[in-house]
Amino acid sequence: MSETNPSHYVGPQPIDRLRVRKMTHDDVKAALRAGLSDYLARPFLSSSFGIVFALGGLFVVASLFYYNQIWMAIPVALGFPLIAPFAAAGLYEMSRRLAAGTPFAWRDIYLVVSRQPGREYGWMAFVVLFVFWVWIYQVRLLLAVFLGLQAFSSLEGFVQVITGTANGLLFMGIGTIVGAVLAFILFCITTVSMPLLLDRKIDFITAMLLSINTVRTNPAVMLGWGMTIGVLVFLAMVPAFLGLIVVLPVLGHATWHIYCCAIEEIPEEV
């Protein structure tokens with residue numbers, strides 16, 4: 001697996017010199033091992049990102065209960081990981097510096113996004129949040145279409161309706177399909193674009209196109225990577241989001257190594 005040169009981080013790079021590599025499933029396994037190694041290198045700093053993300057998820061779900069929007073707890077909990085690529089920015093930076101052997105402190109990692117003058121990581125974050133907003137909106141729309149204006153006084157009541165009635169099953173089935181499509185679209189446009197924008201000074205449209213091309217060039221491998229992310233994140237969320245404290249950092253670090261493996265620079269002709 002190739003690593004990026006740390007000099008890439010400080011200046012713009014010619015876009016026509018970047019290309020997508022053909023990958024194998026062994027590359028995904030290697031990325032996961034490297035992600036775990038990065039996590040173990042600085043476990044407390046890495047875990048801090050998982051803790052913040054887990055607490056954020058718990059806060060959002062608790063707020064829904066407080067404002068009597070119980071029916072939204074499950075859809076929001078399932079959709080919340082969609083913003084993980086943005087939340088993992090510091091993890092990408094940690095892996096970049098670990099690979100380069102560059103020392104760093106907490107502030108270097110937590111302030112990495114704010115230290116991106118002239119770069120377009122913020123626009124990519126906007127795209128991620130927009131997809132999350134679409135996720136929430138489609139849940140509300142499908143709920144209105146299939147379940148009307150029903151009020152749910154408890155989470156148990158909501159689960160009973162969507163699993164025990166014909167309209168509820170339609171809501172759950174179509175919602176799952178729509179959600180899967182949104183998740184796939186987000187995966188395609190962010191799978192390497194987020195770390196790419198941190199590593200190189202390019203526009204976010206180009207970064208998304210390279211990310212999509214990565215999936216198109218390696219459909220089976222990237223589908224396996226996406227399914228691995230989905231399964232691990234779902235299992236991590238089951239114990240009240242607490243599993244994300246470890247799983248999110250490992251996957252964030254692994255994503256950096258997936259990027260390093262997927263995107264390579266064409267050598268200059270002598």
Side-chain angles (χ1 to χ4, degrees), residues 28-66 70 72-99 102-114 121 124-125 128-129 131-132 135-136 155 179 182-183 186-187 190-195 198 224-260:
V28 174
K29 296 176 183 177
L32 285 169
R33 288 194 296 268
L36 179 59
S37 177
D38 288 350
Y39 172 80
L40 294 176
R42 297 290 293 269
F44 296 108
L45 181 55
S46 293
S47 294
S48 67
F49 286 90
I51 291 172
V52 170
F53 195 76
L55 290 176
L58 289 172
F59 174 77
V60 170
V61 172
S63 297
L64 292 171
F65 276 83
Y66 180 80
I70 301 172
M72 281 295 293
I74 293 178
V76 168
L78 293 176
F80 192 66
L82 292 176
I83 64 175
F86 171 62
L91 297 167
Y92 306 148
E93 176 66 1
M94 284 180 63
S95 289
R96 187 191 72 81
R97 291 187 178 230
L98 286 169
T102 305
F104 57 89
W106 286 65
R107 62 180 177 275
D108 299 318
I109 302 305
Y110 275 108
L111 299 178
V112 62
V113 175
S114 65
Y121 195 90
M124 197 66 233
V128 172
L129 294 175
V131 173
F132 180 66
W135 164 268
I136 298 299
L155 185 60
L182 288 174
L186 189 62
F187 173 75
T190 63
T191 189
V192 298
S193 63
M194 303 296 268
L198 279 178
W225 171 235
M227 292 178 64
T228 299
I229 294 174
V231 171
L232 291 177
V233 168
F234 178 78
L235 293 176
M237 290 172 55
V238 172
F241 291 89
L242 296 180
L244 293 175
I245 295 174
V246 174
V247 171
L248 178 70
V250 172
L251 289 177
H253 290 308
T255 297
W256 171 264
H257 292 284
I258 286 288
Y259 152 67
C260 290

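For this chain, numbers begin at 1 and follow the sequence in order.
With hydrogens and angles ignored, the 3.5 Å screen pairs no side-chain donor or acceptor of Asp38 with any backbone N or O of Gly35. The closest donor-acceptor contact from the side chain of Ser37 to the backbone of Arg33 lies at 3.5 Å or more, if one exists at all.
You'll find the side chain of Leu32 reaches within 4.5 Å of the side chain of Thr228, heavy atoms only. The shortest side-chain heavy-atom distance between Thr191 and Thr255 does not fall under the 4.5 Å cut-off. When side chains are defined from C-beta on, Ile109 does not count as touching Arg42, because their heavy atoms never get closer than 4.5 Å. Proximity of Ser193 to Tyr259: side-chain heavy atoms (C-beta onward) are nowhere separated by under 4.5 Å. In this structure, the side chains of Leu198 and Arg96 stay at 4.5 Å or more apart for every pair of heavy atoms. Residues Val247 and Tyr39 are not in side-chain contact: their nearest non-hydrogen atoms beyond the backbone lie 4.5 Å or more apart. Residues Ile51 and Phe44 are not in side-chain contact: their nearest non-hydrogen atoms beyond the backbone lie 4.5 Å or more apart.
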Next on the checklist: Apply side chain to side chain contact (heavy atoms under 4.5 Å, CB included) to residues Phe104 and Glu93 and explain how you reach the verdict.
Outcome noted: CA-CA 10 Å; Phe104 57 89; Glu93 176 66 1; over 6 Å; no
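The minimum heavy-atom distance linking Gly50 with Pro249 is given by the pair N-CG, 4.1 Å. Between Leu91 and Leu248, the closest heavy-atom pair is CD1-O, 3.9 Å. Residues Gly179 and Trp135 share a closest heavy-atom pair of CA-CZ3, 3.0 Å.
One distance of note links CE of Met194 with CH2 of Trp256; it measures 13.0 Å at 0.5 Å rounding.
Among Ser46, Ser47, Ser48, the one residue that satisfies the side-chain contact (heavy atoms from CB on, under 4.5 Å) test with Ile245 is Ser47.
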